[in-house]
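Working notes for the structure below.
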Amino acid sequence: MHWSKTLIPTLRDIPQEAEIPSHQLMLRAGLIRKLSGGLYTFLPLGLRALRRVERIVREEMDRAGAIEVLMPALHPREIWDQSGRYEVLRDVMFRMRDRQDREMVLGPTHEEIVTDLVAHQINSYRQLPKTIYQIQTKFRDEIRPRFGLMRAKEFIMKDAYSFDADWEGVEQSYQAMYNAYTRIFERCGLRVKVVEADTGAMGGSSSHEFMVLADSGEDGLVECTGCAYAANLERAERMPPANESKGDPAPLCEVKTPHRRTVEEVAAFLHVRPEEMIKTLIYLCEEQPVAVLVPGNRELNEHKLARALEGRPIRMADEETVVKTTGAPLGFAGPAGLRIPVYADQELKTLRQHVAGANRADAHVIHLNLARDASVTAFFDLATAREGDMCPRCGASMREKRGIEVGHVFKLGTKYSERFQAQYLDAEGRRQTMIMGCYGIGVTRTLQAIIEQSHDEQGIVWPATVAPYAASLLVLNTEHAESLIVAEQLASALSACGLETLLDDRDERPGVKFKDADLIGLPLRIVVSERSLAEKKVEIKRRQEQAKTLIPVAEAVDYVRRMLS
RNA sequence: CGGGGCGUAGCGCAGACUGGUAGCGCGUUUGGUUCGGGACCAAAAGGUCAAGGGUUCAAAUCCCUUCGCCCCGACCA
């Protein structure tokens, strides 16, 4: 491709709308342009890179035995009512009516559609297992679109769904996708960390996320320094510290703490450490108040609470409920004397005495012994894990990191197959419900994650596997006829070997071409100039290295092929 | 949805406090000189100053409302 014939609008300045490197570079290198918040046009260079990622995804899905289909992006409302997810996802779905005044939505995901399809088309155990996938645009009315393609209202996703006759089969289907994902991200040149994950709105029994480690990542995770354990913070467990054995606490004692409400205020006022305090949170579980206790220096993890309460709906209590339940204004709740269920973080067993709210205005209690002075319904791991916590598997210290979620695999179970009656007849002629798994890759997000993980001061550094072109061919002086001829010949010779190049034939000064070549970051740069041609040579350089090599023109094609193989 | 920041030429920004002819750099067009790391000279085009309303003799500038974009948060009493 000739630069002058395509559309690669590079930018010298950083657009003020972009915050993180990958977003800045996608705009500066002319890969994408914004239409409005969370909506982007792919320009030729960005589209080519996207297609290469898609191709890797497709090849690996096919290799894993998955079947490609293409489902509609526009869905009638009824199918979402059928699964009961219309209400769950209504705020995230773009909703509209057709001319018959029929309610429609743009699909944020496709469990409903694919399960309906399979329910009608597959009837026998002989047809199972099946994994069906598509690469398609998804629509989500995100609360806050962010960072260019990272979180957009419209994005390309590879979504796959497996249907199995039994749980052993699901295990195999899941593992096949897991392995395919590992290969996909490896081929994309990404270093990913696989973490245990929360299943969230999707439901199901277990799941793993594929995370690209990056400071700009939206997800927090911990990884063990001693073993392979790693988990999303929404999920991450921790081993409680050893119990403190000695000392019976003095009797419970109420002290005045006028206007001190927060942990920090009370701790400073009473000269105790925050971890000696108990943070008491009032929640509504199925609209009934419950108390949740975590150490004063800890954050409650609502995902963990929800799991501990077996998925019953929870939400934080409003001020009125808190006052009614505790008999005190906000900031003075404590476990002693509460007559509602009390769920406590396991770490609170560590200390024999604590400081907590007294359920009375402007007062806290000291020498609180949970076993003696309160009735705890149950202990769970409820606090959010963090740097330095002990690994739940091996007890070693854990590190906290941030990551970009590029892939997610779930074992779904029968949640959807039951609703849509996705059933088959087994060998004995009995009707059985299929067991499902679902597997997603954010293709557009993966593309940006590649740039986030592979760039330098000068611009993008494309891994050869996803680079939009194999090489930049710079004709330094387009007035020099021989340069142009040699460059054209090289371009077609390389093209004949399946290596597409970008020939910079613009009437620009060499500096501009060098800068732009670094910015768009193709793996190789081939410079054709009057100077090197005097020796019948061209200069070849890898993007990520400084070293340049002069190669005779006649050997250039072989040399490039070797460098890229 | 709450908080904060920002909207002035294609991009990056100044001008606003203290109201009075809308500017700078890059880019674009034309001509010339240049040609291995974002050249130089000359000329030119390009703006409803986000939108609407108000104050004023006069508004990019002061006031009000709305919209858009970006960031943080949306749970910790």
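Below, chain A is the first sequence line, B the second, and so on; all start at residue 1.
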When the [atom1] atoms of [N] and [M] are considered, how many whole Å apart are they?
N: C72(B); M: U34(B); atom1: C1'; value: 50 Å
N: C57(B); M: A45(B); atom1: P; value: 36 Å
N: U28(B); M: G47(B); atom1: C1'; value: 15 Å
N: G12(B); M: G7(B); atom1: P; value: 11 Å
N: A50(B); M: A14(B); atom1: P; value: 14 Å
N: G20(B); M: G5(B); atom1: C1'; value: 30 Å

Tell me whether Arg506(A) forms a cation-pi arrangement with Trp3(A), defined as NZ or CZ under 6.0 Å from the six-membered ring centre and within 45 degrees of its axis. yes

Answer yes or no for Arg140(A) and Phe155(A): cation-pi contact, defined as NZ/CZ to six-membered ring centre under 6.0 Å and angle to ring axis within 45°.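 No, a cation-pi geometry is absent between Arg140(A) and Phe155(A).
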
What does the B/S/- profile of nucleotides 22-28 of chain B look like, 5' to 3', with a 4.0 Å heavy-atom cutoff to protein? ---BS--

Each nucleotide of nucleotides 70-77 of chain B classed B (base within 4.0 Å of a protein heavy atom), S (only sugar-phosphate) or -, in 5' to 3' order, makes SBB-BBBB

Paired with [N] by Watson-Crick or G-U wobble geometry, both distances under 3.5 Å: which nucleotide is it?
N: U48(B); value: none
N: C62(B); value: G54(B)
N: C1(B); value: G73(B)
N: G25(B); value: C11(B)
N: A16(B); value: none
N: U33(B); value: A39(B)
N: C6(B); value: G68(B)

Hey, could you give me the CZ/CG distance between Arg399(A) and Leu221(A), rounded to the nearest 0.5 Å? 10.5 Å

Nearest-angstrom distance from the residue atom CD of Gln24(A) to C1' of C11(B): 14 Å

For Arg525(A) and G36(B), what is the distance between atoms CZ and P respectively, to the nearest whole Å?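 After rounding, the gap between these two atoms is 13 Å.
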
Between the side-chain atoms of Asn477(A) and the base atoms of G36(B), is any donor-acceptor pair under 3.5 Å? no

Please evaluate residues Glu275(A) and His354(A) with respect to the criterion side-chain hydrogen bond (donor to acceptor under 3.5 Å, both in side chains), reporting the C-alpha separation (whole Å), side-chain torsions for both, the decisive distance (0.1 Å), and the verdict. CA-CA 9 Å; Glu275(A) 54 266 41; His354(A) 287 97; over 6 Å; no

